[in-house]
Structures are given as structure tokens and as C-alpha cells.
Amino acid sequence: MNETASTTAWRDYVLRRGDAAVELLRAAAEARSLTLIMGDGFDPRTLQTLRSVVRLGVPARVVAVQLPPGPGYGAGTELVERNRQDLAALVTQHNLEMIEISEPDDADRLSIGSRQARRLLSDGVVTAHDSVVVDISALPSRVFFPVIGSLLELGKVSGTGELLVTVSENPTLDGRILSDGVSDAGPITGFVNGFSVDIDERRITMWAPIVGERSAAELEAIYELLQQPQEIHPILPFPAINPRRADDLVLEHHTLLFERLDVDPSNIIYVDESNAFDAYRALTNLFHRSRELLAHVGELQLVVSTHASKMLSAGACLAAWESSLPVVTASPTSFGIEDAPDDDWVDSSSTMCCMWLHGTPYR
């Protein structure tokens, strides 16, 4: 795919995996101690980044972002409690400072992340001079999009500090996470970016969903919200660990994509499953190329939604932040996991990835 002049922030990016990812954390901690922002969820990978940090023996504090308790976790409630117990043990064993950020049970799902981001900054939990690591392994997009966006904005304004994002990559485990129900579709607070569904003859709405397994209900809800967008560009993972994953997704969603949504097969975009910056480039280039081509017709509104792995979701977050794209979501109302795996399998089949988004490498 051809680069546009607009893809400048991460034209040259820093992404490492495995042991090399851990070394990035060590490098970020050389000048100042780390602040690790992590989720408090059911995902078996929740504590992997923290375990890597404590093995480094570098000064660190932990900020645990709690999601509203109750039915949202569904069958994952037992896993949440186990993760919390293991987190408490790590904090005690390594004498870590821990800060908990919680939300009430009736909190608006679309604005949770924006409120938590404001608390991180306004309460002084994070400052412009910190080395911050955001682990998104156990954070939903409606939370980590506003958190990462706010920290990127802070770094842009101050020109100081370090920002890294980690994720424990395991597409096989992603495919075993179950969801049920779907909430009302809407834009994520902090990523509204002028989103509108009001009728306007001069507005051209284009939708770019990152398609994942078992996401038909979410896709349907967003399609209804957008009121039949003029163009749809599904984003599929290829290359991928499973070489047939993109084909399997097309088969799973064939009726929805090509009959219900009337997607033109030539509009499908393929991105590297293991590289967030590939998704970032694809979305950024799609926006700027389409805006230029359609300038004589009207104003382009490129709407992004993500229904796949955290790695590709991180790429969507970067593109949406840089190009001010609206991001919509229709989150499942409950989560669970099919045949919850043991820790040994999770550790052996997951790869820690680290993206350095702001700071020393870019100065």
C-alpha cells in the first residue's frame, strides 16, 4: 500500500515481541520509574505484562482500571476474582504501589474510558514526565481508546515523557472468548470527532470495521446506526498465524457482508494480524485517499469500528487519534471464555508485544 504524506507520526515505528519487548520496558524505565496502567478483567493474559515488569526488578507502580462489576463479565466473573487475587499477591510480594480506579455499576459504557482518562490526568496519577505503559490485554476498546488518546495528546502538548502500549498476543485465545448480547451502538466518548447520522446530502459516510469472529450482532447494530453507509471497507487479518483466518471470517460473515450489507469484494482491506501499525497505515491511507477523491462530491466521514484482536484495535486507535476519525462500538453485554485454559498454556502460546508510541525514539 502506498504511503501518504499524512502518515508521519509512526512512519518509522518501534514494535518488539517476546524478550525484545521486555527490553523496551527496561529501556523506558532507565530514566524514571514505570507507571503500568492495566485492566482488571477476566482475560487470562491480564497479568503477563506486570509479571514481566517485576522480573525486571525496576521501580514501578500499578494502576488497575476496574470495569463495572456484574453481568458485563458474565461467565468470566470467577476469572476476574482469580486475577485480582494474583494481582494482590504480586503487589504484596514485590512491594509495589497500587492505585485502583473504579466505576459505579450503572456507569455509561461509552464514556467510562473518557472519565478514567480524565482521572488519570487530573488526579496526578500520570504526569507529562512519566514513563507510562498501558497494557491493553484486559481492557476493552471503549476504555483503552480514550486512555491512549489522552496520553498521546499529553505527550504532544508537553513534548516530554514516554508512552508504551503492551498487549499479550494470542489469536487462538481471542477466538475462544465468548460474548452474548449487544449494547446500543454509539461513538466512544473522546473519539466522537464530529460523528453524525443526521441526513446531510454533502456528507459521505464510509465505514471501516475490523472484522472478527462472532461479531455479526455488533456489525448489524453499527450498520443500523449508520443508516446504510455509502461504502463499507471490511478489514481482515492477513497474513495471520492461521493462514486461513481471513477466509474463515469471510465464510462466517458471508451472508451478512455480501447480501445484507452489499459489500463490494474489492473494498476488502487486508492487514498483518501481528502488526498494529499495518492497520494504522491502512486506515490512515484509506481516509486521506478517499477524502481527496471525494472532495468534489462532499465531506467524508470515515467511521471506524473494531471487533477483532487488541493488536489491530491498537492500530485503529492510532489512526483515529491522528486523523480525528469517529470510532463507534456496539459492545457485548457479557463475556466468557470457552474452556478456560491453564496458566502454562496461556504463557507458552502468548507473545508479549510492545509498541513505543511517544518519547525517546521519536525525538
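Quick note: numbers below take in every heavy atom, side chains included, and nothing from hydrogens, waters or symmetry partners.
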Return the set of residues passing salt bridge (charged side-chain N to carboxylate O under 4.0 Å, His left out) with [X] (not counting sequence neighbours), or none when no residue passes.
X: D86; value: none
X: R245; value: E213, E273
X: E299; value: none
X: D272; value: none

#### Entry: Exam field: side chain W321 to backbone S323, donor-acceptor pair closer than 3.5 Å
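Pair absent, no side-chain N/O of W321 close to backbone of S323.
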Consider only side-chain N and O atoms of [X] and [Y], and report whether a donor and an acceptor are under 3.5 Å apart.
X: S141; Y: T306; answer: no
X: Y362; Y: D12; answer: no
X: T35; Y: R61; answer: yes
X: E169; Y: T351; answer: no
X: T189; Y: S114; answer: no

### Query
Can you tell me if CG on L251 sees more than 12 non-hydrogen neighbours from other groups inside 6.0 Å?
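Enclosed.
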With sequence neighbours left out, which residue pairs that include part of [range] fulfil the ring-ring contact (aromatic ring centres under 6.0 Å, His included) condition?
range: residues 136-179; result: F145-F191
range: residues 233-264; result: H254-F258
range: residues 192-223; result: none

### Task
Nearest 0.5 Å please: distance from the CD1 atom of I268 over to the CG atom of L257.
7.0 Å
### Message
Applying salt bridge (Lys or Arg N to Asp or Glu O under 4.0 Å) as the test, list every pair that has at least one member in residues 216-236; sequence neighbours left out.
### Response
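Listed once each, the pairs are E220-R260, E224-R260.
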### Query
Who passes side-chain contact (heavy atoms from CB on, under 4.5 Å) against S309, sequence neighbours left out?
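Here the qualifying residues are D174, M311, L312.
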### Task
Under the side-chain contact (heavy atoms from CB on, under 4.5 Å) rule, collect the residues that match up with A138, sequence neighbours excluded.
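So A138 forms a side-chain contact (heavy atoms from CB on, under 4.5 Å) with D43, T46.
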Could you list the donor-acceptor pairs under 3.5 angstrom formed between side-chain atoms of residues 122-129 and any protein atom two or more places apart in sequence or on another chain?
from: S122; atom 1: OG; to: R118; atom 2: O; distance (Å): 2.7
from: T127; atom 1: OG1; to: H129; atom 2: N; distance (Å): 3.4
from: T127; atom 1: OG1; to: D130; atom 2: OD1; distance (Å): 3.2
from: T127; atom 1: OG1; to: D130; atom 2: OD2; distance (Å): 3.4

### Task
Could you walk me through whether L47 and L87 pass side-chain contact (heavy atoms from CB on, under 4.5 Å), step by step?
CA-CA 7 Å; L47 299 174; L87 171 59; 4.0 Å; yes
### Query
Taking only residues two or more places apart in sequence or in another chain, which ones pass side chain to side chain donor-acceptor pair (under 3.5 Å) with T360?
E162
